[in-house]
Amino acid sequence: FKFRKKNSSPVIVTTEVHPGPFHPVGSSNLPYQIHHHLHGQGFLPLILHGVAGHELNLPSKREVKKYLSTLKMNPIETSSETSSKPLIRKLGRATAIGINFSNVAFLITTLAPHGMEDLPTEVRDKILSKGNDLGFKRVMVIDAHNSEGYRPSKEDYNDIIEASISVLKEIRSLSQTNFRIGYSHSHDVDFVFDNDIGPGGIGVIALEVGGEKFMLIGVDGNNLKKELRNLIITRYNKSFNLEICTSDSHVTAGKAMDIKGYYAVGELTSSKKLLEALDLLKDNAFNNLDSASLEVVTIKSKVKIMGKMFFAEISNSLDQFSKIAKRGGISLFFLFFLLLCVVTLL
């Protein structure tokens, strides 16, 4: 989603390629790499997590480079000069937030404060199918990936689908008016975060439509510490609605010495520091609100992915080598793991 303002072009990007599996292998740092690539072209990026799982990881740096080379912001698929107000609907543990830009829908889904992990692609497909039936030209579905906890259940997935469909039906008939967009990013201020936040930092897009304000926060990280989302939303929701999403970057994966294997946002960077940063970014974004239009670009990339079989084979291989390790072949086990890393780094 490319917004055209007088002097800048903020863009919201989501992808069906997944960041992973762990740093520095494959596409683990992909959100930042996309951010860096587009910023170099003069855009102001906010990279969000689409609906994709680890089977859609890119296996090597070569494939990441190939993927990035396809990210060109043309041709324009459709455009809009107007927007609806944001609409929020809850069903069970699911929350869906939708905005309609002249029959182009922007949709955020979350289960926060309950556990939020990668949504299965079947969830996205059912939402997109209904969006098509309702006459939307395009629907961008965001997996907010913004709350640690137990894995979602099938009932949770169904609630996300139903809440999303409900929002799409309602925003389809909402009145449209001109809108204003603002943008700010932590790269432009003097905030240095800890290692639970990746090099893509924190970006904010502010929206004002019909006198109503909305703030979208994007953090280059892997999920949020439990209850952090509620803390942030409570701080601002008396003035406007908002949502905070992570990119699901896996740049910290494999570095944390616990069963989870990564640092969720808020585990290392204190809540106080995060809120201080968000206060500044919020003010900067709303202070540079300006009239905008939307252009939608869809990019197709032909790249290799890891696939489900890759992880099944690795799991089986690790089982076999763990047996060898138990019999005294520790060096062989680590040699195998080292070779795996070398192959995927190529």
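Quick caveat, the model's predicted, so the values are computed rather than measured.
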Where the side chain of [X] meets the backbone of [Y], is there a donor-acceptor pair that is under 3.5 Å apart?
X      : Y      : result
Lys85  : Lys213 : no
Glu63  : Lys304 : yes
Ser166 : Glu162 : no
Asn241 : Asn237 : no
Asn132 : Leu128 : no
Ser301 : Val303 : no
Asp143 : His145 : yes
Ser147 : His114 : yes
Glu81  : Leu294 : no
Asp196 : Leu268 : yes

**Prompt:** Between Phe106 and Phe1, what is the ring plane arrangement, given parallel below 30°, perpendicular above 60°, and tilted in between?
**Reply:** tilted
**Asked** Relative to each other, are the rings of His35 and His187 parallel, tilted or perpendicular (30° and 60° limits)?
**Response** perpendicular
**Request:** Show the numbers, then the answer: is there a salt bridge (charged side-chain N to carboxylate O under 4.0 Å, His left out) between Asp279 and Arg235?
**Result:** CA-CA 10 Å; Asp279 283 345; Arg235 186 177 184 85; 2.7 Å; yes
Contact between [X] and [Y] at the side-chain level, heavy atoms closer than 4.5 Å - yes or no?
X      : Y      : value
Ile181 : Lys5   : yes
Leu274 : Val265 : yes
Pro31  : Asp248 : no
Val13  : Leu48  : no
Ile233 : Leu242 : yes
Leu224 : Glu227 : no
Val104 : Phe136 : no
Lys169 : Lys130 : yes

**Item:** Pair listing, salt bridge (Lys or Arg N to Asp or Glu O under 4.0 Å) test, anchored in residues 94-109, at least two apart
**Value:** none
For [X] and [Y], work out which heavy atoms get closest and say how close.
X      : Y      : answer
Ala105 : Ile171 : CB-CD1, 4.2 Å
Ser271 : Leu228 : OG-CD1, 4.1 Å
Tyr262 : Glu117 : OH-OE2, 3.9 Å
Val51  : Pro120 : CG1-O, 3.4 Å
Ala144 : Ile108 : CB-CG2, 4.0 Å
Tyr67  : Thr70  : O-OG1, 2.6 Å

**Message:** Checking Met215 against Ile217 for the side chain to side chain contact (heavy atoms under 4.5 Å, CB included) test, could you report, in this order, the C-alpha distance in whole Å, the side-chain angles of both residues, the deciding distance, and whether it holds?
**Reply:** CA-CA 6 Å; Met215 182 169 75; Ile217 305 166; 3.7 Å; yes
**Item:** Nearest-0.5 Å distance that lies between atom CG in Asp125 and atom OG in Ser129
**Value:** 8.5 Å
**Message:** Measuring from atom OH of Tyr183 to atom CG of Leu44, what distance do you get when rounded to the nearest 0.5 angstrom?
**Reply:** 5.5 Å
**Request:** Verify side-chain hydrogen bond (donor to acceptor under 3.5 Å, both in side chains) between Gln41 and His37, making sure each step is shown before the conclusion.
**Result:** CA-CA 7 Å; Gln41 296 179 29; His37 181 81; 3.0 Å; yes
**Asked** Are Glu16 and Arg124 close enough, and set up right, to give a salt bridge (charged side-chain N to carboxylate O under 4.0 Å, His left out), and what steps lead you there?
**Response** CA-CA 11 Å; Glu16 291 181 11; Arg124 179 199 62 214; 3.7 Å; yes
Could you tell me if [Y] and [X] have a donor-acceptor pair between their side chains, going purely by distance under 3.5 Å?
X      : Y      : value
Asn223 : Thr246 : no
Ser153 : Asp156 : yes
Asn103 : Arg138 : no
Glu295 : Asn74  : no
Asp220 : Ser247 : yes

**Request:** Might you work through the side-chain hydrogen bond (donor to acceptor under 3.5 Å, both in side chains) test for Asn158 and Glu155, ending with a clear yes or no?
**Result:** CA-CA 5 Å; Asn158 289 334; Glu155 183 180 357; over 6 Å; no
**Message:** Does Val296 form a side chain to side chain contact (heavy atoms under 4.5 Å, CB included) with Ser79? I'd like the steps, not just the answer.
**Reply:** CA-CA 6 Å; Val296 179; Ser79 61; over 6 Å; no
**Asked** For Ser102, which of Ser80, Ser293, Ser84 qualifies under side-chain contact (heavy atoms from CB on, under 4.5 Å)?
**Response**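 In the set Ser80, Ser293, Ser84, the residue that makes a side-chain contact (heavy atoms from CB on, under 4.5 Å) with Ser102 is Ser80.
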**Message:** So if I apply the side-chain contact (heavy atoms from CB on, under 4.5 Å) rule between Ser186 and each of Val219, Leu278, Leu280, Ile202, which one comes out positive?
**Reply:**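 That would be Ile202; it is the only one of Val219, Leu278, Leu280, Ile202 passing the side-chain contact (heavy atoms from CB on, under 4.5 Å) with Ser186.
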Does [atom1] belonging to [X] count more than 12 external heavy atoms closer than 6.0 Å?
X      : atom1 : result
Lys226 : NZ    : yes
Glu212 : CD    : yes
Asp190 : CG    : no

**Request:** Using side chain to side chain donor-acceptor pair (under 3.5 Å) as the criterion, point out the one residue from Thr95, Asn146, Thr109 that pairs with Glu243.
**Result:** Asn146
**Message:** Run His49 and Asp118 through side-chain hydrogen bond (donor to acceptor under 3.5 Å, both in side chains) and show every step you take.
**Reply:** CA-CA 9 Å; His49 182 44; Asp118 296 337; 3.0 Å; yes
**side chain to side chain contact (heavy atoms under 4.5 Å, CB included) evaluation trace for Ile99 with Ser83** = CA-CA 7 Å; Ile99 306 171; Ser83 166; 3.3 Å; yes
**Request:** Please step through side chain to side chain contact (heavy atoms under 4.5 Å, CB included) for the pair Leu38 and Met73, ending with a clear verdict.
**Result:** CA-CA 9 Å; Leu38 294 178; Met73 287 297 172; 3.7 Å; yes
